[in-house]
Amino acid sequence: MTYSTAISSGRAQLVDFRQRTLAVARLRVLLVAAIFVLIAVAAVARIGFLGLTDRTTRTTSLEEALLPSRGEITDRNGVPLARAFPAYALWFNPEALGDTGSPLVQSPVKIAAQLKQIFPEMDEADVAARLASGKPGYLRRRVLPEQANRVQALGELALEMPKENDRHYPQGTMAAHVLGYVAADGKGRVGMEQVLDDQLSDPARRAMPSALSIDMRAQGALEDELRRGMLSTNAMGAAGIVLDVDTGEVLALASLPEFDPNHIDAEGEKAMFNRVTNQVYELGSTFKPLTVAAAIDAGVVRDFGKRYNAHPVKVGRFSLKDSHFLGATLNVPETLIHSSNTVTARIADELGPERMRRVMMDLGMDGRPAIELPARGFPIWPGEKWPRLRNMTVSYGHGIAVTPLHLASAYAAMVNGGIFRPATMHRVEPGQAARGTRVFKSSTSSRMRQLLRMIAVYGTGRNADAPGFRVGGKTGSAEKPGAGGYRRSSLVSTFAAAFPMDRPRYVIVAMLDEPKGTTASSFQRTAAWNAAPIVGRLVPRIGPILGVRPDDTRDVDMSDLEPLVGGGA
């Protein structure tokens with residue numbers, strides 16, 4: 001009995017041992033299978049991730065991930081002008097398949113034709129040649145997601161779509177000369193992208209947008225009216241600026257033809273030249289008010305009713321004369337209203353070259369224009385000693401060449417009470433404007449506001465007189481110099497204005513380079529018929545935007561000067 005019980009117990013232990021051994025074996029098999037499944041899932045996930053992103057992973061901090069790769073640029077009201085965003089590029093990688101022969105499944109010609117269907121502006125022959133060369137490189141930058149999907153559908157592994165940060169200008173060509181662009185090396189070029197490059201790329205500062213002084217509403221209106229004026233007169237170019245007379249802030253700045261900072265090509269590079277800040281011109285009769293202001297300030301002009309000889313002025317073998325006979329004598333208001341060279345030259349002769357030269361220097365005419373933009377032209381300056389003839393010609397804008405920005409800053413000083421302030425592309429907070437330097441007496445500035453208003457009411461600036469906005473300004477039509485002298489067939493037409501003249505807020509300079517006489521300009525080439533109308537259309541568009549509403553009940557008091565011009569007759 002004892003023996004049989006022992007046998008039974010041994011059998012039970014053996015069965016139990018076998019069951020435990022089988023359980024352990026099953027557990028090990030399941031564990032190995034689970035490991036293989038996890039490895040397979042991880043591999044599939046990795047393949048999927050690489051397939052979707054087409055790039056390897058990299059470590060980055062949370063702060064770096066949240067910051068834009070380059071700071072944003074906005075206008076004074078926060079409207080985005082330049083911002084960074086993730087984009088795709090089309091990269092040709094001839095080593096994508098290793099050393100297996102050709103990296104392409106199809107021929108380079110067929111692939112180029114298919115890419116042409118995706119990117120219509122692409123040069124098919126050039127792409128085919130680059131693919132056939134076997135050299136790696138970008139075939140295109142800034143590829144849209146839907147375009148990237150179509151490229152991937154071609155099934156060519158050598159056509160890779162790396163994801164990278166790109167610079168986008170949501171306003172297109174608008175304010176292109178102000179902004180500039182970002183080159184392939186990630187550095188800013190030409191405009192404020194270059195000026196602000198360190199700030200925009202600094203991790204400590206690029207989180208905050210950089211606000212410029214321009215107002216995109218005024219910018220759009222300025223470009224629109226300049227383009228209209230340029231096209232309607234077949235001019236080769238145009239330039240314009242809107243400047244705050246009290247702060248020096250540039251509210252709008254345009255140079256035409258423009259370029260597209262989103263797409264830089266050979267044509268775009270040619271158009272990058274900034275006519276407002278970099279090109280110097282002889283701006284003609286727009287200098288006459290500056291000469292008169294200098295003479296008033298110096299006490300040379302006291303009696304505005306004094307009659308000056310308006311016949312041609314003989315200086316050595318040269319004779320200075322007007323474009324047409326304006327009368328035997330003219331007083332100062334008539335001189336500006338009818339734009340007389342001869343009387344202006346006589347006033348400058350009384351003022352003398354030293355005092356004239358000093359005023360021009362105080363207005364910054366002897367150096368590059370004061371602004372942050374890198375493209376700043378150096379004036380053609382007459383030098384230290386001005387002979388009598390040079391002083392006379394400078395008085396009406398010949399023999400000295402400056403940028404339109406020089407002229408705008410000078411007019412701002414002439415109408416704002418006499419204070420010259422450098423122009424700026426940065427938004428100026430209230431009360432933070434530069435103190436500036438006094439150039440004219442306050443009383444002189446007040447008198448010039450009357451005279452400029454009279455030009456727009458009674459003289460050559462009548463086409464700029466927008467009802468209710470009290471515009472004042474001066475036309476200038478100057479022949480361009482060339483080989484052997486001035487070219488009578490090539491003019492630079494300019495209108496320099498300010499508004500409202502009873503309390504000037506803004507200066508506008510509009511310029512057309514070589515306008516033609518067309519139906520739109522009554523077949524005239526002078527500024528009274530082409531540049532002045534640009535200002536006349538622009539002011540009603542931007543005035544209300546900038547806080548100046550039309551008011552027919554207000555104006556500059558010209559009652560003491562109007563009798564001198566026959567009540568405007």
Side-chain angles (χ1 to χ4, degrees), residues 217-233 235 238-243 245 251-254 256 283-286 289 336-339 404 407-408 411-412 415 449-477 491-513 515-552 554-556 558 568:
R217 300 167 298 177
Q219 179 73 29
L222 175 63
E223 292 187 17
D224 186 41
E225 293 298 344
L226 283 176
R227 188 177 296 107
R228 177 180 171 181
M230 182 179 75
L231 296 177
S232 65
T233 60
I241 185 170
V242 179
L243 190 71
V245 303
L251 278 300
L253 184 153
L256 300 180
L283 294 174
S285 297
T286 57
L336 292 179
I337 287 174
H338 302 300
S339 196
L407 185 66
Y411 266 62
V415 302
R449 293 197 289 268
Q450 289 179 297
L451 292 169
L452 290 172
R453 178 65 178 138
M454 292 182 75
I455 296 171
V457 174
Y458 304 123
T460 57
R462 280 175 288 188
N463 284 329
D465 188 21
F469 288 96
R470 295 92 71 197
V471 177
K474 183 70 184 76
T475 53
S477 305
L491 291 183
V492 174
S493 297
T494 310
F495 190 71
F499 77 99
M501 291 309 298
D502 55 320
R503 171 59 180 90
R505 296 268 310 274
Y506 305 102
V507 158
I508 300 175
V509 171
M511 189 209 74
L512 293 174
D513 193 349
K516 310 298 188 296
T518 64
T519 304
S521 62
S522 300
F523 300 100
Q524 303 295 318
R525 296 182 300 131
T526 57
W529 297 95
N530 48 45
I534 292 175
V535 175
R537 294 189 301 265
L538 178 63
V539 169
R541 291 184 63 175
I542 68 174
I545 291 173
L546 301 178
V548 180
R549 296 188 176 276
D551 187 347
D552 292 323
R554 300 176 58 183
D555 210 331
V556 180
M558 301 177 291

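Keep in mind that this is a model prediction, so the values were computed, not measured.
- Separation of atoms CG (L222) and CG (L253) is listed at 8.0 Å; rounding is to 0.5 Å.
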* **CA sep, side-chain torsions, deciding dist, call: S285, S339, side chain to side chain donor-acceptor pair (under 3.5 Å)** => CA-CA 7 Å; S285 297; S339 196; 3.2 Å; yes
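- Taken from NZ in K474 to CG in L407, the straight-line distance is 11.5 Å, to the nearest 0.5 Å.
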* Applying side chain to side chain contact (heavy atoms under 4.5 Å, CB included), run through I508 and I241 and close with a yes or a no. => CA-CA 6 Å; I508 300 175; I241 185 170; over 6 Å; no
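- A salt bridge is defined here as a Lys NZ or Arg NE, NH1 or NH2 lying under 4.0 Å from an Asp or Glu carboxylate O, and D555 with R470 fails to meet this definition.
- Proximity of R228 to R537: side-chain heavy atoms (C-beta onward) are separated by under 4.5 Å at one or more points.
- Here E225 contributes atom CD and M230 contributes atom CE; the two are 13.0 Å apart, rounded to the nearest 0.5 Å.
- Between V415 and A498 the shortest heavy-atom distance is CG2-CB, 4.1 Å.
- Contact check for F495 versus S477: no side-chain heavy atoms found under the 4.5 Å cut-off.
- Considering all non-hydrogen atoms of both residues, L226 and G240 come closest at CD1-N, 3.5 Å.
- In this structure, V509 and T494 have side chains that are in contact, with non-hydrogen atoms separated by less than 4.5 Å.
- To the nearest 0.5 Å, the span separating CG on L546 from CZ on R505 amounts to 7.5 Å.
- Between F499 and Y506, the ring planes lie tilted relative to each other; the angle falls in the 30° to 60° range.
- None of V471, D465, I534, V242 except one satisfies the side-chain contact (heavy atoms from CB on, under 4.5 Å) rule with V539; the exception is V471.
- Side-chain atoms of Y411 come within 3.5 Å of backbone N or O of T286 as a donor-acceptor pair.
- Considering every non-hydrogen atom in both A252 and Q219, the closest pair reads CA-OE1, 3.2 Å.
- Judged as a side-chain contact (heavy atoms from CB on, under 4.5 Å), and not counting sequence neighbours, the contacts of A221 are L538, R541, I542.
- Using a 4.5 Å heavy-atom cutoff, the side chains of M501 and L452 are in contact.
- You'll find the side chain of R462 stays beyond 4.5 Å of the side chain of I455, heavy atoms only.
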Side-chain donor-acceptor contacts of residues 526-533 below 3.5 Å, not counting sequence neighbours, with atom names and distances?
| unit_1 | atom_1 | unit_2 | atom_2 | d |
| --- | --- | --- | --- | --- |
| N530 | ND2 | R525 | O | 2.9 |
| N530 | ND2 | T526 | O | 3.1 |

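- Side chain to side chain, S521 and K516 fail the donor-acceptor criterion of an N or O pair below 3.5 Å.
- Counting all heavy atoms, side chain and backbone alike, R449 lies closest to P504 at CD-CG, 3.2 Å.
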* To do: For L243 and L251, run side chain to side chain contact (heavy atoms under 4.5 Å, CB included): C-alpha distance rounded to whole Å, both residues' side-chain angles, the deciding distance at 0.1 Å, then the answer.
  => CA-CA 6 Å; L243 190 71; L251 278 300; over 6 Å; no
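- At least one side-chain heavy atom of L283 sits less than 4.5 Å from a side-chain heavy atom of V492.
- P500 has its side chain out of reach of R554: every pair of non-hydrogen atoms, C-beta onward, lies at least 4.5 Å apart.
- In this structure, M511 and S493 have side chains that are not in contact, with every pair of non-hydrogen atoms separated by 4.5 Å or more.
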* To do: Would you please test M454 and L336 for side chain to side chain contact (heavy atoms under 4.5 Å, CB included) and show each step?
  => CA-CA 9 Å; M454 292 182 75; L336 292 179; over 6 Å; no
